[in-house]
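Right, one structure below, let's go through it.
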Amino acid sequence: MENSLNRRDLLKLTLATGVTLAAGGIAGIARAGGTENDPSNKPEHAADRFLKSMNCSQAILETYAPSLGMPVEQARRVAAAFAGGMGRGSECGAVTGAFMVIGMKCGKTVDNDSHADDETFTRVAEFVREFEARHKHIGCSGLLGTDMGTPEGVKKAADAGYFTSRCPGYVKTAAEILDKLLA
């Protein structure tokens, strides 16, 4: 019987099938190593995405949104206007991106869900405490030491190289805190 399995091949196939099922099927095996839409090291992925796009809010939201049911393309659109402290130098885009992720994970879906509100704002407050403990500020202008609400301030930050030297660290910090808060 040329096409039949011998005992050794059958044992290998059985073992491979068991491992595949234990890992959650083929999709589970793919998720175990991380994918572009669900990276295994979210802080590194977010920092890398920032360096490619130069948009901190998008880097955070697009890193976490797919695992919460939002496609990357939609996350990019939703977060687009929050970078650079909403273009005004206020809250850092990595911070506002993190707030969006917390809302996606914990936010209420019905009007009278005060428990979800409490959970959301408790996690937001914890995020702010930890981010400020590491960086002293949550505002883009404070983090970069220049008025990011003005063209002159943006130019000063760009000329000093802050977008490639400081901002990736803020994005990575936001993702590290999120990983802890969402675990």
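These numbers were taken from a predicted model, which means no experiment stands behind them.
- Residue pairs meeting the salt bridge (charged side-chain N to carboxylate O under 4.0 Å, His left out) criterion with at least one member in residues 50-59, sequence neighbours excluded, are Asp48-Lys52.
- Among residues two or more places apart in sequence or in another chain, the ring pair (Phe, Tyr, Trp, His ring centres under 6.0 Å) test is passed with Tyr170 by His135.
- With sequence neighbours excluded, no residue satisfies salt bridge (Lys or Arg N to Asp or Glu O under 4.0 Å) with Asp147.
- To the nearest 0.5 Å, atoms OG (Ser114) and CG (Asp118) are separated by 5.5 Å.
- Scanning both residues, Glu132 and His137, for their nearest heavy atoms gives CG-C, 4.2 Å.
- Residue pairs meeting the salt bridge (charged side-chain N to carboxylate O under 4.0 Å, His left out) criterion with at least one partner in residues 162-173, sequence neighbours excluded, are Glu44-Lys172.
- Listed by chain and number, the residues in a side-chain hydrogen bond (donor to acceptor under 3.5 Å, both in side chains) with Asp179 are Tyr64 (sequence neighbours excluded).
- In this structure, the side chain to side chain contact (heavy atoms under 4.5 Å, CB included) partners of Ala46, at least two apart in sequence or on a different chain, are Ile60, Thr63, Val171, Ala175.
- Every salt bridge (Lys or Arg N to Asp or Glu O under 4.0 Å) that Lys155 has, sequence neighbours left out, goes to Asp159.
- Every side chain to side chain contact (heavy atoms under 4.5 Å, CB included) that Ser67 has, sequence neighbours left out, goes to Asp38, Lys42.
- Cluster annotation: Val72 is not connected to Met54 through the hydrophobic network of ILVMFWY side chains, with a link wherever side-chain heavy atoms come within less than 4.5 Å.
- Using a cut-off of 4.0 Å between Lys/Arg side-chain N and Asp/Glu carboxylate O, Arg123 and Glu119 are scored as salt-bridged.
- Taking all atoms of both residues into account, the shortest heavy-atom contact from Gly153 to Met148 is O-SD, 3.9 Å.
- In terms of the salt bridge (Lys or Arg N to Asp or Glu O under 4.0 Å) criterion, residue partners of Glu130 (sequence neighbours excluded) are, by chain and number, Arg134, Lys180.
- Scanning for side chain to side chain contact (heavy atoms under 4.5 Å, CB included) contacts around Val78 gives Leu61, Met70, Gln74, Met100, with sequence neighbours left out.
- Judged as a side chain to side chain contact (heavy atoms under 4.5 Å, CB included), and not counting sequence neighbours, the contacts of Ala83 are Asn55, Cys56, Ser57.
- Atom CZ in Phe99 sits 10.0 Å away from atom CZ in Phe121 (nearest 0.5 Å).
- Residues meeting the side-chain hydrogen bond (donor to acceptor under 3.5 Å, both in side chains) test with Asp117, sequence neighbours left out: Lys108.
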